[in-house]
Protein chains: 2
Amino acid sequence: MDGTAARRQALDAAERLFYERGIRAVGMDEIRTASGVSLKRLYQLFPAKDQLVQAYLERRDVAWRRRLADRVERASDPGERVLTVFDFLGEWFREPGFRGCAWINAHGELGATSPAVAALATAHKTAFRAYLAGLVAAAGLPDAATDHLLLLAEGAMVTAGVFGCARPAAQAREAAALLLAAYAGARTP
Amino acid sequence: MDGTAARRQALDAAERLFYERGIRAVGMDEIRTASGVSLKRLYQLFPAKDQLVQAYLERRDVAWRRRLADRVERASDPGERVLTVFDFLGEWFREPGFRGCAWINAHGELGATSPAVAALATAHKTAFRAYLAGLVAAAGLPDAATDHLLLLAEGAMVTAGVFGCARPAAQAREAAALLLAAYAGARTP
DNA sequence: CGGAGCGGAGAACGCTGGTTCTCCGGGTGT
DNA sequence: ACACCCGGAGAACCAGCGTTCTCCGCTCCG
């Protein structure tokens with residue numbers, strides 16, 4: 001097994017376990033068992049658990065935002081694209097094992113004690129917000145819409161996580177559609 | 001020091017430390033030092049850390065919802081009351097040491113391993129939603145408004161927590177005001 | 001004044017988990 | 001064939017922490 005394969009397997013196991021159970025609840029030993037990568041190798045690849053945690057959050061950030069973008073691009077109308085974000089959320093919430101937003105969870109668990117984790121969480125949310133801002137601009141919506149939609153999306157993530165239910169995605173989509181209509185109404189009264 | 005005073009001091013210290021740093025990051029020894037309650041007494045009052053955690057979440061739930069209700073009741077107009085929720089959030093976010101919603105954080109950290117914590121988090125959010133539903137009904141708004149407002153409020157809490165900034169409260173209030181106008185417009189077009 | 005019980009301080013205990021070390025087998029170059 | 005290196009398995013080490021125990025002084029009652 002070469003280095004990149006070991007790295008991938010380690011990150012796969014770490015991602016599954018950290019997300020499923022929380023970061024501090026998972027020991028390195030368990031990651032070794034789940035990944036089949038020996039402790040020695042694990043510590044060569046990631047000299048401390050912290051770094052494995054950071055690599056997990058970074059890789060998941062890239063993958064999550066690519067999945068979002070892929071899903072959104074299946075809609076062609078700029079106005080529709082904004083709402084597609086909430087369809088994506090609904091599909092995500094329905095996946096088995098969904099347990100809320102990994103960055104919100106990591107921030108709540110470790111944000112106070114690990115500046116690196118806190119920074120990765122804000123970086124992820126900043127990137128998500130920037131992506132939304134692009135959709136909002138392309139749809140000709142007012143700038144304020146970015147933050148309104150961000151709040152609906154974040155609210156849907158936590159609510160779905162805490163209640164273990166996908167409905168918040170549809171409710172957020174409804175609210176977003178009402179807001180979109182309200183912006184349009186205000187522009188051309 | 002009698003039992004109820006010791007209990008209060010223990011919970012005060014636990015609440016401050018658990019909220020500030022995360023639950024697993026705080027040891028019983030630290031709670032003893034911060035509260036001045038001996039370990040022996042601590043374990044008489046709360047036979048295990050779990051129970052102290054649950055008592056913390058329960059007491060904070062009551063206090064938080066009372067503060068919310070007190071703040072909202074300062075507005076008299078039913079429509080205004082709904083928006084006052086977001087003013088309350090803004091004041092909360094601005095308090096020194098604000099670090100997001102305690103129940104969202106606890107759920108992210110322990111929800112997967114402690115059914116009791118998960119249940120307390122959903123109970124708190126259910127109670128908050130029920131309170132919103134009362135305000136929505138009193139204002140004559142459609143039922144769907146409850147969940148829309150809930151999502152905005154939850155989104156504001158996480159966003160303020162992750163970015164360490166109070167603006168999301170004002171943005172959520174803006175979005176809520178737009179939604180309120182949209183409901184009114186739909187009812188009397 | 002003496003003993004008994006209560007409570008505090010902090011040590012002790014056992015377990016968990018992050019990190020390192022030891023031992024060993026298997027492949028490789030000469 | 002033989003020395004050598006790489007990597008795996010798992011033990012070992014050490015610190016932190018939940019929980020319990022020991023010792024001691026104080027107070028309260030006879």
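The ring pair (Phe, Tyr, Trp, His ring centres under 6.0 Å) with Trp64(A) is formed by just one residue from the set Tyr19(A), Tyr131(A), Tyr56(A), Phe88(A); it is Phe88(A).
For the pair Leu45(B) CG and dT19(D) P, the computed distance is 14 Å after rounding to whole Å. Rounded to whole Å, atom C1' of dT20(C) lies 14 Å from atom CG of Leu42(A). Leu52(A) places its CG atom 14 Å from the C1' atom of dG17(C), with the value rounded to the nearest Å. Remark: P of dA9(C) and CE of Met28(B) are 15 Å apart, rounded to the nearest angstrom. Look at CZ on Phe46(B): it is 16 Å from P on dT20(D), rounded to the nearest Å. Rounded to whole Å, the distance from CG on Leu17(B) to C1' on dC17(D) is 15 Å. Between the CD1 atom of Ile23(B) and the P atom of dC17(D) there is a distance of 15 Å, given to the nearest Å. When rounded to the nearest whole Å, the span between CG of Asp29(B) and P of dG18(D) equals 9 Å.
Below 30°, between 30° and 60°, or above 60°: for His148(B) and Tyr183(B) the angle between ring planes is below 30°, a parallel geometry.
Looking at Lys40(B), its side chain comes within 3.5 Å of the base of dG8(C) through a donor and an acceptor atom.
Each of Glu30(B) and Leu39(A) was assigned the nucleotide of DNA chain D with the nearest heavy atom; the assignment lying further toward the 5' end belongs to Leu39(A). The residue among Arg32(A) and Arg24(A) whose nearest nucleotide of DNA chain D is located toward the 5' end is Arg32(A). Judged by closest nucleotide on DNA chain C, Gln44(B) is the one of Tyr43(A) and Gln44(B) placed further toward the 5' end.
Looking at heavy atoms from C-beta onward, Arg32(B) lies out of side-chain contact with Arg41(B) at the 4.5 angstrom threshold.
Expressed to the nearest 0.5 Å, how far NE2 of His107(A) lies from CZ of Arg99(B) amounts to 6.5 Å.
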